[in-house]
Amino acid sequence: MSRQKDTSSSDSEYHPMSPWRFRFIVFIILAAMAVLAGRIVYLQVVDHQFLKGQGDARTLRVETIDAHRGMITDRDGEPLAVSTPVVTLWANPQELPDDRATLTRLAKSLGDDPGDFINRVERYRKKSFMYLKRQVTPSPAQAVLDLGIAGVYGKHDYKRYYPTGEVTAQLLGVTNIDDKGQEGLELAYDDYLSGTPGKRRVLKDRKGRLVRDLHLIRDAEPGGDLQLTINLRLQYMAYRELKAAVREHHADAGTLVMIDAHNGEVLAMANAPSFNPNNRANLDPAGLRNRGVTDAFEPGSVMKPLAMCAGLSSGKFTPDTVIDTSPGWMVLDHKYTIKDSLDFGKLTMTGIITKSSNIGMTHMALALPDDAIWNMYSKMGLGQEPEDITFPGEASGSLPSPYHWSKAKRATLAYGYGLSASALQLAAAYTTITNDGRRVPATLFKRRSPVKGKQIVTPDVAHQVLKMMETVVEPGGSGYRAAVNGYRVAGKTGTVRKVGVEGYQRKAYRANFLGIAPASNPRIITMISIDNPKGKEFYGGQVSAPIFARVAGKALRLLDVPPDNPHDNAEATR
C-alpha cells in the first residue's frame with residue numbers, strides 16, 4: 001500500500017516553467033508581432049505602390065491588338081486578297097463546367113460532335129488553354145459567347161480571303177491559319193504584307209472577363225498593300241480559255257502568260273489545274289505550282305525567231321536568203337539525224353520560219369560562229385534568274401556553256417532543244433522583237449517610270465523577224481489557227497517531245513505557241529504551253545494557237561486596241 005501511495009504522489013508532482021524560458025517565448029512572439037506591424041506600416045505608408053502593383057498584376061493585362069495583313073490588288077485596284085475579321089474561340093478547361101448537359105450545349109453551338117468534344121475537354125482538364133474553333137465569322141462566334149458558359153472566351157483575329165478564287169490561286173499563293181504566307185506572292189512578300197501588332201492595357205476580373213479598356217500602349221500598324229500589274233478581266237478570260245483547252249485535250253496541265261509588249265508588265269498569268277484557296281479541304285499539291293514561273297521546259301521551235309535574230313545580225317543572211325533544205329533530213333556528227341516534217345526544198349529565211357524547218361535552222365546555225373546563238377539567247381535573259389520577279393521557286397532555266405560544242409548541239413540549240421526556259425522568260429525574251437530590238441524584263445508590279453530596255457539587236461533586225469513571224473499565222477503557216485479577225489498577228493508554234501526516264505518519249509508532247517498582237521504596233525505578247533495533250537491533236541499549231549486566237553482577240557478589244565487589218569474586217573462583214 002505504501003509503494004502505491006508513493007507512485008501516485010510522484011505522478012501528480014508539478015514542475016513550473018523556468019522564468020528565462022518564459023521570457024524568451026514572450027520576446028519571440030512580441031518581436032514577430034512588431035515585424036508584422038512594421039511591415040504593414042511600411043506597405044501602407046512608405047511603399048504603398050507594392051500592394052497596388054500586386055493587385056494590378058492580378059487584374060491588369062496587356063493585350064495584343066492584331067494588325068490586319070495588307071491587301072493585294074490588280075492594276076486597277078480590284079481586290080485579289082483581303083483580310084476579313086473573324087473570332088477565334090478558346091477555353092480554359094479548368095474553368096469549364098463539369099456537367100455534360102452544358103458541355104453538350106456548347107459542342108452543338110460549335111457544330112462539334114458532343115461525345116468527341118467532351119472527351120477532348122477531359123483530355124485538357126489539367127491545362128489552362130484549348131482552342132474551341134478558330135477563325136469563326138463574327139455572328140456565329142457571338143452566338144457561342146452569348147451562351148454565357150464559364151471558361152469560354154473569344155479573341156478577335158483576321159482570316160485571308162481570295163475573291164478571285166482559283167483564277168489567281170497560284171500567283172497569289174496562300175497563308176496558313178496564323179495568317180503567314182506559305183506560297184506565291186503571299187510568301188515572297190510576307191514581311192511587307194504582315195502588319196505590326198499593337199498593345200493595350202485592360203482591366204479584367206478574376207474570371208478573365210474585360211472590365212475596362214484602360215489605355216493604348218502602341219497602335220497596330222497594318223501591313224503594306226501590293227498592287228500587281230495583272231488586269232483582272234484579262235486574268236479571268238485567260239484562265240477560262242486555258243482551263244477549257246486543258247479539259248478538251250485531256251492534258252496534264254497548261255500555262256498562259258500575257259505581258260505588255262512595251263514595258264514587260266504581266267497582264268495575265270493563268271495555270272490549270274488550279275485550286276480554291278478559300279477551301280483547301282481536298283487540295284491537290286500539283287495545283288499549287290505557278291507553272292508560268294516555276295516550270296522550265298524545252299521550248300522547241302518557239303525559239304527559232306530568237307535564233308534568227310543571231311543569223312540576221314551576223315550580216316550573212318537576210319530575210320530573202322535562200323537555203324536548200326532537201327531532202328528534208330541530214331546527219332550530224334555521224335549519228336545525230338535531224339528531220340523536217342516534209343521535204344520543203346529551197347526556202348528563204350522567211351520561209352524557214354513559216355514552215356518551221358529544222359534543216360534550214362541547222363544550216364544557218366552551222367554558218368555562224370559557235371557561240372553566236374548562245375550569246376543571243378543569253379542577252380535575252382535565258383538561263384538566268386528573272387530580274388524584276390521575286391517569286392518562290394522561280395526557274396532560271398538552263399543554257400549550257402557553248403565551249404567544245406558539237407555540230408549537233410549547235411544545231412539543236414537553233415530550233416529549241418538542249419535548253420530550257422519558263423513561259424515568263426520566253427515572253428520576256430520576245431520584248432526584244434516588239435521593242436525595236438530592246439529587251440525589257442518582265443515585272444509583276446506597275447512601273448513608276450518608263451523602262452527603255454537594253455539594246456540587243458538593231459531595230460531593222462527586230463522588224464524583219466516580226467514580219468517573218470506574221471507569215472506563220474497566215475494561211476499555209478503552221479500557226480494559221482492563231483489568226484485574230486481584224487488584227488495582224490505574229491507568232492511561232494513549237495511542239496516538243498517530253499523527256500522521260502529513257503530519253504525523249506514517243507507519244508508525250510508539249511504544245512507551245514507564242515503570239516504577238518497587233519503586229520503593226522505590238523501591244524501584247526502571249527506564251528501558251530499545254531503539257532501532254534492526249535487527244536488526236538497535239539501540235540502547238542493545233543492545241544495552243546487556237547487558245548491564243550480566243551484570248552488575244554478578247555484582250556485587244558478589252559484594251560481598246562484599234563484593228564490594224566481592215567481587210568479582215570471587210571471580209572467579216574460580207
Side-chain angles (χ1 to χ4, degrees), residues 296-314 316-317 321-349 351-380 382-384 396-421 425-426 429 465 468 478 492-512 514 529 539-540:
F297 51 88
E298 285 186 313
S301 295
V302 167
M303 296 301 298
K304 289 175 180 174
L306 302 181
M308 186 62 70
C309 287
L312 299 183
S313 296
S314 70
K316 294 184 177 181
F317 302 94
T321 301
V322 177
I323 290 181
D324 189 356
T325 66
S326 294
W329 60 272
M330 64 189 302
V331 178
L332 294 179
D333 302 328
H334 307 292
K335 61 180 180 179
Y336 195 91
T337 303
I338 298 174
K339 296 180 180 179
D340 278 340
S341 58
L342 297 171
D343 180 2
F344 295 119
K346 293 182 178 180
L347 293 173
T348 63
M349 300 302 282
I352 289 172
I353 296 296
T354 307
K355 300 297 183 182
S356 196
S357 170
N358 293 339
I359 302 299
M361 294 300 298
T362 298
H363 282 300
M364 184 197 76
L366 297 181
L368 298 175
D370 291 0
D371 61 352
I373 294 176
W374 185 92
N375 283 334
M376 184 60 66
Y377 289 170
S378 180
K379 290 177 182 177
M380 293 176 174
L382 301 176
Q384 304 164 31
S396 59
S398 64
L399 186 61
S401 169
Y403 299 108
H404 307 297
W405 271 7
S406 65
K407 290 182 178 180
K409 287 184 178 179
R410 290 164 55 194
T412 54
L413 195 68
Y415 56 83
Y417 279 81
L419 77 157
S420 65
Q425 284 180 306
L426 292 169
V465 173
M468 289 179 174
S478 59
K492 188 66 193 77
T493 59
T495 307
V496 189
R497 284 186 174 180
K498 295 190 64 176
V499 178
V501 178
E502 300 179 355
Y504 288 105
Q505 303 179 55
R506 296 185 62 185
K507 294 184 178 180
Y509 300 90
R510 183 179 283 271
N512 301 324
L514 187 137
S529 183
Y539 288 110

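As a basis for the values below, the full set of heavy atoms in this structure was taken, side chains included, without hydrogen atoms, waters or symmetry mates.
A donor-acceptor pair under 3.5 Å is formed between the side chain of Ser420 and the backbone N or O of Ser398. Side chain of Asn358 to main chain of Ile338: no donor-acceptor pair is present (N/O by atom type, distance under 3.5 Å, no hydrogens or angles). Not a single donor-acceptor pair under 3.5 Å links the side chain of Gln384 to the backbone N or O of Leu399. Side-chain atoms of Tyr377 never come within 3.5 Å of backbone atoms of Leu419 as a donor-acceptor pair (strictly under, hydrogens ignored). Distance alone, capped at 3.5 Å, is enough to place a donor-acceptor pair between the Glu298 side chain and the Gly418 backbone. Side chain of Ser378 to backbone of Trp374: no donor-acceptor contact under 3.5 angstrom is found. Remark: side-chain polar atoms of Asp333 are not paired, donor with acceptor, to backbone N or O of Lys335 under 3.5 angstrom.
Using a 4.5 Å heavy-atom cutoff, the side chains of Asp370 and Trp405 are not in contact. Residues Asn512 and Ser301 have side chains not in contact (no heavy-atom distance under 4.5 Å, counting atoms from C-beta outward). Between Phe344 and Thr354 there is no side-chain heavy-atom pair separated by less than 4.5 Å. Put simply, the side chain of Met380 reaches to within 4.5 Å of the side chain of Cys309, judged on heavy atoms. Using a 4.5 Å heavy-atom cutoff, the side chains of Met376 and Leu368 are not in contact. Leu366 has its side chain within reach of Arg410: a pair of non-hydrogen atoms, C-beta onward, lies under 4.5 Å apart.
Separating the OH atom in Tyr415 from the CG atom in Asp340 is a distance of 9.5 Å, to the nearest 0.5 Å. In this structure, Thr412 OG1 and Lys407 NZ are separated by 14.0 Å, a value rounded to the nearest 0.5 Å. Rounded to the nearest 0.5 angstrom, His363 NE2 and Thr321 OG1 are separated by 13.5 Å.
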task = With side-chain contact (heavy atoms from CB on, under 4.5 Å) as the test, would you mind laying out the steps for Met330 and Thr362 before giving the verdict?
result = CA-CA 9 Å; Met330 64 189 302; Thr362 298; 3.7 Å; yes
request  = Report the C-alpha separation of Thr325 and Ser357 in whole Å, then their side-chain angles, then the decisive distance to 0.1 Å, and conclude whether the side chain to side chain donor-acceptor pair (under 3.5 Å) test is met.
outcome  = CA-CA 8 Å; Thr325 66; Ser357 170; 4.6 Å; no
task = Please report the C-alpha distance between Met303 and Leu426 in whole Å, then the side-chain angles of each, then the deciding distance to 0.1 Å, and finally whether the side-chain contact (heavy atoms from CB on, under 4.5 Å) criterion is met.
result = CA-CA 8 Å; Met303 296 301 298; Leu426 292 169; 3.5 Å; yes
task = Check step by step if side-chain contact (heavy atoms from CB on, under 4.5 Å) holds for Leu312 and Met468.
result = CA-CA 12 Å; Leu312 299 183; Met468 289 179 174; 3.9 Å; yes
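Across all their heavy atoms, Lys498 and Arg510 have their closest contact at CG-N, 4.2 Å. The two atoms that bring Met308 and Met349 nearest to each other are SD-CE, 3.5 Å, heavy atoms only. The minimum heavy-atom distance between Ala411 and Leu332, with the atom names listed, is CB-CD1, 3.8 Å. The two residues Thr493 and Ser478 come nearest to each other via the heavy atoms OG1-OG, 2.9 Å. Smallest separation of non-hydrogen atoms from Gly540 and Thr495: N-OG1, 2.8 Å. Closest approach of Ala365 to Ala414, counting heavy atoms only: CB-CB, 3.8 Å.
Ser356 and Lys492 are linked by a side-chain donor-acceptor pair at a separation below 3.5 angstrom, with hydrogens and angles left out of the test.
Looking at residues two or more places apart in sequence or on another chain, you find no ring pair (Phe, Tyr, Trp, His ring centres under 6.0 Å) involving Tyr336.
In this structure, Lys379 places its NZ atom where only 12 or fewer heavy-atom neighbours from other residues, nucleotides or ligands lie under 6.0 Å away. Annotation for Phe297: atom CZ counts as buried by contact number, over 12 foreign heavy atoms lying within 6.0 Å.
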